[in-house]
Amino acid sequence: MENRNIVKQFMLEDALDGLGLACLSLLILQVSINFLPYFVVLKYMTTTRLILLLGFICLILLHVVKKQQPNWNSAIRGSKILLVLITLLLVWYGVSLFNGSAISFSNFRLQVEEVLAFLFVILRVDGEEKFNAVVFVFLVAVSVIALHSIKQFIEYDNTHYFLIWRGAWTVTESLEIPKGAIVRVVGYFNNPNVLAAYLILLIPLVASLIKHPHAPTWMIGLLVALASVALLLTFSRSSIIALLLALGVTLTRKKPFVFIFFALLVVATLLNPLSIGRLATGYARFSAWSIAIEMILQKPLFGVGLGNFRTYAVNFWHAHNLFLHIAAEAGLIAGILLLTIVLVAIKQALELSRCGGRTRLIGQAFTAAFIAFGIASLMDNAYNTTAVSYTFWLLLGLLVAARRIFENRRHQTVRYGFETN
């Protein structure tokens, strides 16, 4: 009887563990491709929030069945400074609400939800198998989006296009594509720059699966190539250049010729006719930056309120610079805190890349992703969309989990005089 109870307990633990991982997978896919219908169960309880709530319930029940409390010190080991910065950012967002509006409260709820998703990833991904499973889910999402984007470019299967036409970008709601125009794909998003920002965050990470012992190298290579083609078809200069620079910095240590190759690609991106013809859109960014700086000077402490930038800047939805945008809406300190979070993430990813074997590749992938995101965010603000901001926080949580998993494994192997990872 006692053995039967033990078996039942193990089965229950496995079921709750699997359900928790399934919730995380659903959350990633929902944020990425929005495959579940949008609905509100109760007030403020959206589809993503319901999935996240179910995931936390599974996690709590799992610890109840195991009769143990979550080990926070173990979960965030080596990343406490990151957690402190995130806590300060949320607190500052909360304080800035008194300077905002109903839109600010809505944006604040989303920020809290994304940080909870960050914590859920840290607590849920507690082993290498789960880490690999989550990366595979991201690979599925990226592959679906890439295939849909390429199909969109070939078949024009959307009624709302971003185009490059007569040296500038424009928008049409007609299936009549002007002669000589080039379609900028948007995937499942509403803007090609949003698709590009999403892809530069994830292409390096999914490419790290090439060294996974059980993943077909040719298949991973093909899917990464398709994602890269989709990125190119967005014609998003800031994101393409950001990824090239990030890869150049990350992969070319002590390899000057490789760095020169990436530098030439950046120059080619800047000097090709499509980019030169769209210089006017670059000049428009200076106007957005000027407006953001003016807002910061007027309200440097708590800003104009989360989500209120478009209210004060009639001609712009955002500041075309993530950190200026956050500083304008929530105060200079909030902008500095978010910038510091990105820099700390890059530093921690670099530390992970100093390990050997596949762990080094994973560290390089995270490094390239966050450097690319940081550079692209200086020229645009795709973080202003749920898909990119949510993905950023999920990826940040995965970085913290990866450091705990792979560095713990490294310490164990080094302790016995060898290193296998």
Side-chain angles (χ1 to χ4, degrees), residues 24-35 114 117-118 121 125 130-150 185-189 191-212 215 219-234 236 238-247 250-251 322 342 345-346 349 352-353 361-377 380 382-383 385-402:
L24 179 54
S25 301
L26 284 174
L27 187 63
I28 292 169
L29 294 173
Q30 178 64 13
V31 167
S32 302
I33 59 179
N34 199 26
F35 74 109
E114 290 169 350
F118 159 80
V121 172
V125 182
K130 290 177 185 174
F131 175 85
N132 291 331
V134 171
V135 178
F136 269 110
V137 174
F138 273 123
L139 176 64
V140 170
V142 168
S143 302
V144 170
I145 289 170
L147 289 170
H148 179 69
S149 301
I150 293 170
V185 299
V186 299
Y188 290 101
F189 309 116
N191 189 294
N193 293 332
V194 175
L195 172 59
Y198 174 88
L199 289 174
I200 65 172
L201 269 172
L202 292 177
I203 285 176
L205 182 65
V206 298
S208 69
L209 287 171
I210 286 176
K211 278 201 173 184
H212 189 280
M219 184 185 74
I220 302 299
L222 176 62
L223 294 176
V224 170
L226 289 173
S228 302
V229 170
L231 173 62
L232 292 174
L233 292 178
T234 65
S236 177
S238 58
S239 291
I240 294 170
I241 291 171
L243 184 58
L244 289 172
L245 288 173
L247 291 174
T250 306
L251 302 177
L322 167 59
V342 174
I346 293 170
L352 190 63
S353 69
L361 185 61
I362 291 170
Q364 289 175 331
F366 278 116
T367 303
F370 285 114
I371 289 177
F373 176 78
I375 294 173
S377 295
D380 208 345
Y383 184 88
T385 61
T386 305
V388 174
S389 61
Y390 224 117
T391 301
F392 169 80
W393 287 102
L394 290 172
L395 210 60
L396 194 61
L398 201 58
L399 170 62
V400 174

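- Partners of Ser377 by side-chain contact (heavy atoms from CB on, under 4.5 Å), not counting sequence neighbours, listed by chain and number: Leu322, Phe323, Phe373.
- Note that CD1 of Ile145 and OG of Ser32 are 5.0 Å apart. Values are rounded to the nearest 0.5 Å.
- The minimum heavy-atom distance linking Leu399 with Ala345 is given by the pair CD2-O, 3.5 Å.
- Here the side chain of Thr250 pairs no donor or acceptor atom with the backbone of Leu247 at under 3.5 angstrom.
- Relative ring orientation between His148 and Tyr188 is described as parallel, the plane-to-plane angle staying below 30° on a 0-90° scale split at 30° and 60°.
- The two residues Val342 and Gly374 make their nearest non-hydrogen contact at CG1-CA, 4.3 Å.
- Tyr198 and Thr391 share no donor-acceptor pair across their side chains, judged by distance under 3.5 Å alone.
- In this structure, Leu394 CG and Ile28 CD1 are separated by 6.0 Å, a value rounded to the nearest 0.5 Å.
- Between Leu209 and Leu139, the closest side-chain pair of non-hydrogen atoms falls below 4.5 Å.
- What you find for Thr386 and Val31 is that their closest heavy atoms are O-CG1, 4.4 Å.
- Scanning all heavy atoms of the two residues, the minimum distance from Ala242 to Ala372 falls at CB-O, 3.3 Å.
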(request) Go through Asn191 and Val186 one step at a time and tell me if the side chain to side chain contact (heavy atoms under 4.5 Å, CB included) criterion holds. (result) CA-CA 5 Å; Asn191 189 294; Val186 299; 5.5 Å; no
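- Atom CG in Leu226 sits 4.5 Å away from atom CD1 in Ile150 (nearest 0.5 Å).
- Here the CG atom belonging to Leu201 is positioned 11.0 Å from the CZ atom belonging to Phe366, to the nearest 0.5 angstrom.
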(request) For Ile375 and Leu243, run side chain to side chain contact (heavy atoms under 4.5 Å, CB included): C-alpha distance rounded to whole Å, both residues' side-chain angles, the deciding distance at 0.1 Å, then the answer. (result) CA-CA 8 Å; Ile375 294 173; Leu243 184 58; over 6 Å; no
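- Separating the OG atom in Ser149 from the CG atom in Leu231 is a distance of 10.0 Å, to the nearest 0.5 Å.
- Across all non-hydrogen atoms, the minimal contact from Lys130 to Val125 is C-CG1, 4.1 Å.
- Of the possible polar contacts, none joining the Ser239 side chain to the Ser236 backbone as a donor-acceptor pair under 3.5 Å is found.
- Val400 places a side-chain heavy atom less than 4.5 Å from the side chain of Phe118.
- With a 4.5 Å cut-off on side-chain heavy atoms, Val224 and Ile203 count as touching.
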(request) Report the C-alpha distance between Leu29 and Val137 in whole Å, list the side-chain angles of each, state the deciding distance to 0.1 Å, and finish with yes or no for side chain to side chain contact (heavy atoms under 4.5 Å, CB included). (result) CA-CA 8 Å; Leu29 294 173; Val137 174; 4.0 Å; yes
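- Of the inter-residue distances, the one linking Ser25 atom OG with Phe138 atom CZ reads 9.5 Å to the nearest 0.5 angstrom.
- Counting only heavy atoms from C-beta outward, the side chains of Gln364 and Pro204 never approach each other to under 4.5 Å.
- In this structure, the side chains of Ile362 and Val135 stay at 4.5 Å or more apart for every pair of heavy atoms.
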(message) Please evaluate residues Thr385 and Phe189 with respect to the criterion side chain to side chain contact (heavy atoms under 4.5 Å, CB included), reporting the C-alpha separation (whole Å), side-chain torsions for both, the decisive distance (0.1 Å), and the verdict.
(response) CA-CA 9 Å; Thr385 61; Phe189 309 116; over 6 Å; no
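- You'll find the side chain of Leu223 stays beyond 4.5 Å of the side chain of Val142, heavy atoms only.
- Of all non-hydrogen atoms in Ala382 and Val388, the two that sit nearest each other are O-CB, 3.3 Å.
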